[in-house]
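The next block holds one structure in the form of structure tokens; read it before the comments.
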Amino acid sequence: MRMKEGFLWGGATAANQYEGAWNVDGKGASVPDHMRGGDINTPRQIDAEFDPDALYPSWEATDFYHHYEEDIALFAEMGWNVFRMSINWTRIFPTGMEEEPNEAGLAFYDKVFDCCAAHGIKPLVTISHYELPYALVEKYDGWLSRDLIDLFFRYGKTVLDRFHSKVEYFLTFNEINIGLMNMGAPLSTGLIKGFTGTMAQVDRTATERFQAVHHMFVASAKLIKYAHDNYPEVKMGNMIAFIPTYALTCDPADVLANQANMRQMDWYCSDVQVRGHYPYYAKRMWEEQGIELNITAEDEKILSEGIIDFYTFSYYQTNTVTTHPDAEQMQGNMTMGGKNPYLEASDWGWQIDPTGLRIFLNEIADRYDNIPLMVVENGLGAFDEVVVEDGVERIHDPYRIDYLRKHVRDMGEAVADGVNLIGYTWWGPIDVVSAGTGEMRKRYGFIYVDKHDDGTGDLHRARKDSFFYYQKLIKSNGEDLD
Ligand code: BG6
């Protein structure tokens with residue numbers, strides 16, 4: 001099963017989890033810079049004020065800032081033609097409120113994009129990936145304020161004006177639907193003004209969460225219209241955390257509950273971003289949850305003028321939904337969800353479902369008239385062990401290879417079904433800080449980085465077995481899965 005000619009193969013990262021250099025060359029603090037590490041049982045702590053004795057994993061992360069040439073050369077060695085990365089908002093506007101951008105920040109990304117070009121790799125740039133300036137939290141309570149629409153627009157316009165000739169593909173917001181949940185408030189919407197506590201303790205009303213996401217919709221659409229009007233060669237996409245669910249049983253009550261869950265979690269945001277208006281079911285959904293939104297006629301106009309060119313999503317796992325009591329719960333991507341007896345799970349409890357990728361690629365294609373699709377995150381967080389064989393460091397990671405093989409196989413099936421899939425970027429192709437837990441030992445990479453949860457490690461890089469598997473797979477354009 002081969003992909004189409006020109007299929008985009010690569011990996012995906014986020015500045016806050018990868019770059020480090022958190023206060024270098026004029027960069028300001030963003031929300032993740034205020035977050036400590038946790039683990040599967042310990043939610044991450046957010047500190048309004050820095051604690052001098054605490055360790056903040058994003059501060060150094062795996063230091064792409066000082067290793068970008070070495071890392072991009074390794075990506076090229078794997079055969080990538082696309083690299084999804086994000087721009088750190090606070091590198092360009094340190095507080096988010098400056099009138100003029102920080103030239104040193106822009107210059108860093110110029111160097112990164114030039115390095116990519118030298119290796120024949122196209123950047124796919126997320127403009128905002130969980131990197132809200134912390135100063136905007138302190139002043140505005142994040143995206144709760146309408147003022148952020150214009151502040152984001154100034155930042156996004158600066159990025160487009162500077163980089164439109166070096167970057168063809170942009171995504172406005174990473175996993176915009178995560179902001180609908182309390183769990184997503186710190187990283188996505190920044191609804192944490194004055195808050196110190198854990199991610200699990202954030203408790204904002206549904207009206208606040210949905211209003212914040214509404215402001216993000218308008219900001220996204222406004223920037224997309226600007227891009228379309230000024231840089232027609234650039235393609236603008238959305239990004240959804242696609243966390244699909246199945247009804248646990250064929251009890252119609254379960255099927256109905258699952259439909260409601262899928263609408264709210266998976267379809268609501270992209271229905272707005274693909275179609276340019278809220279879906280027909282939104283009104284009742286809001287009413288039933290006591291959500292009252294301030295949506296102006298001008299907002300509606302902007303939404304209708306800023307629809308996306310391509311749809312992208314992350315896909316890690318599926319869960320189940322039931323109305324029956326005592327269903328077992330599993331962990332997931334910023335979520336909890338019902339256990340599925342037919343699936344196995346990762347060490348962090350995320351249920352592995354390659355067939356689900358085929359099913360939902362078809363569902364998305366079906367709903368949106370076969371719009372170009374890209375899987376911009378998919379991957380397995382796992383413990384890795386380094387062994388030294390003949391003086392060479394080896395990381396044998398058959399579990400990661402198996403996950404990759406099965407997901408690419410089912411992606412190939414979806415393409416054979418007729419889905420217009422244009423690319424695939426594995427999440428965390430080099431080890432980065434986990435967003436959900438802040439850990440280093442939850443590793444996704446094909447490239448190992450010597451960095452540990454206690455902050456130790458000399459940051460040297462080593463190729464895992466999966467590095468060579470992905471290289472072979474890309475060379476055959478997805479055909480050689482052995
Ligand atoms: C997605 C995010 O939610 O999943 C990434 O876009 C994140 O930023 C990835 O890292 C994997 O989640 P985690 O919690 O294992 O890092």
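Whatever order the structure lists them in is the order used to number ligands and atoms, beginning at 1.
Considering only residues two or more places apart in sequence or on other chains, F113 meets the ring-ring contact (aromatic ring centres under 6.0 Å, His included) condition with F163. When the side chain to side chain donor-acceptor pair (under 3.5 Å) test is applied to H396, the partners found at least two apart in sequence or on another chain are E389, D465. Applying the ring-ring contact (aromatic ring centres under 6.0 Å, His included) test to Y311 and every residue at least two apart in sequence or in another chain returns F313, Y368.
D450 and H452 make their closest contact through OD1-NE2, 2.9 Å (heavy atoms, listed as atom of the first residue, atom of the second, distance).
Looking at heavy atoms from C-beta onward, Y130 lies in side-chain contact with N174 at the 4.5 angstrom threshold.
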Nitrogen or oxygen contacts under 3.5 Å, ligand 1 side and protein side:
unit_1   : atom_1 : unit_2 : atom_2 : d
ligand 1 : 3 (O)  : E175   : OE1    : 2.7
ligand 1 : 3 (O)  : E175   : OE2    : 3.0
ligand 1 : 3 (O)  : N333   : OD1    : 2.8
ligand 1 : 3 (O)  : N333   : ND2    : 3.1
ligand 1 : 4 (O)  : Y316   : OH     : 3.3
ligand 1 : 4 (O)  : E377   : OE1    : 3.2
ligand 1 : 6 (O)  : H129   : NE2    : 3.3
ligand 1 : 6 (O)  : N174   : ND2    : 2.9
ligand 1 : 6 (O)  : E175   : OE1    : 3.4
ligand 1 : 6 (O)  : E377   : OE1    : 3.1
ligand 1 : 6 (O)  : E377   : OE2    : 2.7
ligand 1 : 8 (O)  : Q17    : OE1    : 2.7
ligand 1 : 8 (O)  : H129   : NE2    : 2.9
ligand 1 : 10 (O) : Q17    : NE2    : 2.8
ligand 1 : 10 (O) : W427   : NE1    : 3.3
ligand 1 : 14 (O) : S434   : OG     : 3.3
ligand 1 : 14 (O) : G436   : N      : 2.7
ligand 1 : 15 (O) : K442   : NZ     : 2.7
ligand 1 : 15 (O) : Y444   : OH     : 2.4
ligand 1 : 16 (O) : S434   : OG     : 3.2
ligand 1 : 16 (O) : A435   : N      : 2.7

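Ring to ring, Y268 and Y278 are close: their centroids are under 6.0 angstrom apart.
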